[in-house]
Novice: 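I'd like to ask some things about the structure below.
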Amino acid sequence: MKNRDVESEAAGRKSNIETDKQNISFLYLSEEDMIDAGVLNPGRCVDVMEETMGLMEDGDFLMGGPYNDAHGLMLYFPKKSPIENFPVNNARDRRFIAMPAYLGGRFHVAGEKWYGSNGNNRAIGLPRSILMMMLNDVETGKPLAYMSGNLLSSMRTGAMPGLAAKLLARNDSKVLTLVGPGVICRSSLRAIMSQRFDIDTIKIKGSSPTSANAIKMKEYIEENYPQVKNIVLCKDMEEALKDADIITEAVSCKEGEWPEYKREWLKPGALVISTSTFNMEHKSIVDLKKVIDNYGMYENYAEEDNVGYDAEGNRLHTGCMGEDFVYMVQDGLIERDSLTTFGEIIRGKKPGRESDDEIILVSIEGMPTEDVAWAYECYTYALVHDIGTKLKVWDRPYAF
């Protein structure tokens with residue numbers, strides 16, 4: 001059999017654009033256009049994320065970094081600068097991130113999410129982060145679409161907990177807990193409710209039972225999910241976690257102030273999903289099933305952070321459960337093979353839930369492959385339904 005030259009041999013996939021034309025244009029999609037194109041469809045987004053995780057298990061993707069699995073390239077600002085008017089880190093989460101990826105399969109497209117964030121935005125009536133998404137033909141580099149990315153990003157983030165609930169929750173799940181009831185938790189709620197129709201009780205844990213976000217989430221649930229008969233505003237984490245079948249968190253907090261979960265608060269069969277930050281004592285979770293999206297990405301985090309140990313010799317926490325799993329492997333608490341990826345479950349290489357009593361921890365950090373997949377889905381819908389504005393780059397390249 002002929003050896004395949006993977007570095008130079010074409011895959012034989014078709015370009016997403018017509019290659020016999022020199023004129024270039026792309027589709028611009030505003031936030032309103034994105035809504036028309038179905039960006040807020042949670043069930044469909046869960047399906048697309050499942051497809052994406054399968055392709056990643058196949059190796060049919062690329063991300064940035066030397067090992068093609070980096071979350072993104074960060075642009076941080078210094079605490080101070082001698083240069084007048086130089087941007088400084090004077091707010092929480094002030095940064096830019098370039099998040100490029102290629103995704104194969106039916107997508108066969110490259111893209112990048114450009115992420116700008118500044119905690120000072122809220123004071124002027126803007127969201128903390130403002131995102132834009134670009135899609136390019138992978139064969140020629142021609143732009144295909146440029147689109148508003150805030151809703152796209154929050155929906156693909158929430159769809160992953162929805163996928164976890166689809167694949168890993170007990171079939172008789174009725175009690176859902178939301179920790180950190182902000183935008184991402186609302187997106188997670190939408191996705192989980194699109195998969196688990198028997199949820200009749202939702203617990204909400206905000207900064208307090210009367211926090212604005214907690215009250216807002218309660219009102220949202222009452223308005224959109226009449227099948228939910230009980231909504232509980234929890235006073236502490238123990239109340240929030242106890243008796244919950246599915247727990248999903250999206251906490252926004254200062255570094256080192258991550259909420260702590262205790263093993264004894266989790267009922268047999270609980271599914272615990274993290275898209276942001278929380279801690280559990282490492283030795284207490286050794287025997288629990290651990291599911292992740294991308295081990296290499298967490299290895300990158302661990303290499304960059306290189307956290308040490310406390311005075312008693314216990315590894316310090318990072319707030320990122322997937323990164324903590326890497327340290328647990330390094331410290332000999334668990335084997336690397338004990339960690340399961342979504343892709344392995346989807347492709348039938350490893351089992352999902354194996355018993356009704358099994359407690360499962362899921363770490364989801366978000367990847368640009370997910371952005372590319374959901375952006376492409378919305379883009380193709382927009383093309384078919386004539387949504388958006390076509391913008392010209394050139395009729396013929398001037399400097400060719």
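Quick note: residue numbers are just sequence positions, from 1.
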Novice: Could you go step by step and tell me if Tyr261 and Leu241 meet the side chain to side chain contact (heavy atoms under 4.5 Å, CB included) rule?
Specialist: CA-CA 8 Å; Tyr261 297 3; Leu241 302 189; 3.6 Å; yes
Novice: Ignoring hydrogens, what is the shortest heavy-atom contact between Cys234 and Lys203? Give both atom names and the distance.
Specialist: SG-CB, 3.7 Å
Novice: Mind checking whether Tyr28 and Tyr146 have parallel, tilted or perpendicular rings, split at 30° and 60°?
Specialist: tilted
Novice: Could you tell me whether Lys350 atom NZ has more than 12 heavy atoms of other residues or ligands within 6.0 Å of it?
Specialist: yes
Novice: Does Tyr295 use its side chain to pair, donor to acceptor, with the backbone of Arg336 at less than 3.5 Å?
Specialist: no
Novice: I'd like to know if the side chain of Asn121 reaches the main chain of Arg128, judged simply by a donor and an acceptor atom lying under 3.5 Å from each other, with no hydrogens or angles considered.
Specialist: yes
Novice: Take Tyr309 and Asp331, measure what side-chain hydrogen bond (donor to acceptor under 3.5 Å, both in side chains) needs, and give me the verdict at the end.
Specialist: CA-CA 11 Å; Tyr309 302 84; Asp331 293 341; 2.8 Å; yes
Novice: Could you check whether any side-chain heavy atom of Phe342 comes within less than 4.5 Å of a side-chain heavy atom of Met160, counting everything from C-beta outward?
Specialist: yes
Novice: Side chain to side chain contact (heavy atoms under 4.5 Å, CB included) for Met237 and Phe278? Distances and angles first, verdict last.
Specialist: CA-CA 11 Å; Met237 197 63 71; Phe278 77 94; over 6 Å; no
Novice: Just wondering, more than 12 heavy atoms not from Gln227 lying within 6.0 Å of its CD?
Specialist: yes
Novice: State, yes or no, whether a side-chain contact exists between Val307 and Tyr327 at a heavy-atom distance under 4.5 Å.
Specialist: yes
Novice: Taking side chain as C-beta onward, heavy atoms only, is His282 less than 4.5 Å from Leu333?
Specialist: yes
Novice: Can you tell me if CD on Glu354 sees more than 12 non-hydrogen neighbours from other groups inside 6.0 Å?
Specialist: yes
Novice: Hey, any chance Trp114 and Leu103 share a hydrophobic cluster, counting ILVMFWY side chains that come within less than 4.5 Å of each other, even indirectly?
Specialist: no
Novice: Do Asp245 and Lys174 meet the salt-bridge criterion of a basic N to acidic O distance under 4.0 Å?
Specialist: no
Novice: When hydrophobic residues are tied together by side-chain contacts of less than 4.5 Å, even through go-betweens, does Trp265 share a cluster with Leu176?
Specialist: yes
Novice: Checking Arg170 side chain against Asp356 main chain: does a donor-acceptor pair fall under 3.5 Å?
Specialist: yes
Novice: Start with the C-alpha gap between Tyr379 and Val109, add the side-chain angles, then the distance that decides, and say whether side chain to side chain contact (heavy atoms under 4.5 Å, CB included) holds.
Specialist: CA-CA 12 Å; Tyr379 161 67; Val109 70; over 6 Å; no
Novice: Does atom CG of Asp172 have more than 12 heavy-atom neighbours, drawn from other residues, nucleotides or ligands, at distances under 6.0 Å?
Specialist: yes
Novice: Side chains of Tyr298 and Asp293: any donor to acceptor distance under 3.5 Å?
Specialist: yes
Novice: Going through the distances and angles, do Met133 and Tyr376 end up as a side chain to side chain contact (heavy atoms under 4.5 Å, CB included)?
Specialist: CA-CA 10 Å; Met133 185 74 199; Tyr376 185 77; over 6 Å; no
Novice: Over all heavy atoms of both residues, which pair between Gly105 and Leu55 is shortest? Give the atoms and the distance, please.
Specialist: CA-CD2, 3.8 Å
Novice: Nearest 0.5 Å, what's the NE2-OH distance between His108 and Tyr102?
Specialist: 5.0 Å
Novice: I need the minimum non-hydrogen distance between Val291 and Thr341, along with the two atoms involved.
Specialist: CG1-C, 4.4 Å
Novice: Which value, rounded to the nearest 0.5 Å, describes the distance between Ser129 atom OG and Leu126 atom CG?
Specialist: 10.5 Å
Novice: Ignoring hydrogens and geometry, is there a side-chain-to-backbone donor-acceptor pair from Trp394 to Gln22 under 3.5 Å?
Specialist: yes
Novice: Rounded to the nearest 0.5 Å, how far apart are CD1 of Ile202 and CG of Leu233?
Specialist: 11.5 Å
Novice: Looking at every heavy atom in both Val175 and Asp243, which two are closest together, and how far apart are they?
Specialist: CB-O, 3.6 Å
Novice: Can you tell me how far the CG atom of Asp324 sits from the OG atom of Ser363, to the nearest 0.5 Å?
Specialist: 8.5 Å
Novice: Within the side chain of Asp395, is there an N or O that forms a donor-acceptor pair under 3.5 Å with the backbone of Asn23?
Specialist: no
Novice: Any salt bridge between Lys205 and Glu238, counting N to O under 4.0 Å?
Specialist: no
Novice: Mark yes or no for whether Thr275, through its side chain, and Glu249, through its backbone, hold a donor-acceptor pair below 3.5 Å.
Specialist: yes
Novice: For Tyr76, does its backbone N or O pair with a side-chain atom of Arg95 as donor and acceptor, under 3.5 Å?
Specialist: no
Novice: Assess whether atom CD of Glu264 is packed by more than 12 heavy atoms of other residues, nucleotides or ligands within 6.0 Å.
Specialist: yes
Novice: Are Arg347 and Met53 close enough that some pair of their side-chain heavy atoms sits under 4.5 Å apart?
Specialist: no
Novice: Within the supplied structure, the quantity of interest is the number of heavy atoms (other residues, nucleotides, ligands) at a distance under 6.0 Å from Lys267 NZ; does it exceed 12?
Specialist: yes
Novice: Calculate, to the nearest 0.5 Å, the distance between atoms CD and CD1 belonging to Glu57 and Ile346 respectively.
Specialist: 9.0 Å
Novice: Taking distance alone, no hydrogens or angles, what donor-acceptor pairs closer than 3.5 Å link side-chain atoms of residues 61-74 to residues at least two apart or in another chain?
Specialist:
residue : atom : partner : partner atom : Å
Asp69   : OD1  : Asn300  : ND2          : 2.9
His71   : ND1  : Gly366  : O            : 2.8

Novice: Going by atom type alone, with no hydrogens or angles, which donor-acceptor pairs under 3.5 Å involve a side-chain atom of residues 80-88 and a protein atom two or more places apart or on another chain?
Specialist:
residue : atom : partner : partner atom : Å
Ser81   : OG   : Ile83   : N            : 3.1

Novice: In plain terms, say whether Glu358 and Lys289 are close enough for a salt bridge, that is, a side-chain N and a carboxylate O under 4.0 Å apart.
Specialist: yes
Novice: Quick check on the hydrophobic clustering: are Leu151 and Leu131 connected, directly or via other members, by side-chain heavy-atom contacts under 4.5 Å?
Specialist: no
Novice: Considering all heavy atoms of both residues, which atom of Lys262 and which atom of Met280 are nearest to each other, and what is their separation?
Specialist: C-CE, 4.0 Å
Novice: Looking at side-chain heavy atoms only, is the closest gap between Met321 and Phe325 below 4.5 Å?
Specialist: yes
Novice: Does Ser117 reach the main-chain N or O of Asp93 with its side chain, forming a donor-acceptor pair under 3.5 Å?
Specialist: yes
Novice: Are any of the side-chain nitrogens in Arg263 or Asp287 under 4.0 Å away from the carboxylate oxygens of its partner?
Specialist: yes
Novice: When hydrophobic residues are tied together by side-chain contacts of less than 4.5 Å, even through go-betweens, does Ile292 share a cluster with Met297?
Specialist: yes
Novice: Verify, without hydrogens or angle tests, whether Tyr115 (side chain) and Met99 (backbone) share a donor-acceptor contact under 3.5 angstrom.
Specialist: no
Novice: To the nearest 0.5 Å, what is the distance between CG (Asn136) and NZ (Lys142)?
Specialist: 12.0 Å
Novice: For Glu312, does its backbone N or O pair with a side-chain atom of Asp310 as donor and acceptor, under 3.5 Å?
Specialist: yes
Novice: Under a 4.5 Å side-chain heavy-atom rule over Ile, Leu, Val, Met, Phe, Trp and Tyr, are Ile359 and Met328 clustered together?
Specialist: yes
Novice: Which atoms form the tightest heavy-atom contact between Thr177 and Ala244, and what is the distance?
Specialist: OG1-CB, 3.3 Å
Novice: Pairs of donor and acceptor atoms involving the side chains of residues 180-201, under 3.5 Å and at least two apart or interchain, shall be tabulated with distances.
Specialist:
residue : atom : partner : partner atom : Å
Ser187  : OG   : Ser154  : O            : 2.6
Ser188  : OG   : Ile184  : O            : 3.0
Arg190  : NH1  : Tyr220  : OH           : 3.1
Arg190  : NH2  : Leu40   : O            : 2.4
Ser194  : OG   : Ala191  : O            : 2.6
Arg196  : NE   : Ala165  : O            : 2.9
Arg196  : NH1  : Asn171  : OD1          : 3.2
Arg196  : NH2  : Ala165  : O            : 3.0
Arg196  : NH2  : Lys166  : O            : 3.1
Arg196  : NH2  : Ala169  : O            : 3.3
Thr201  : OG1  : Asn230  : ND2          : 3.2

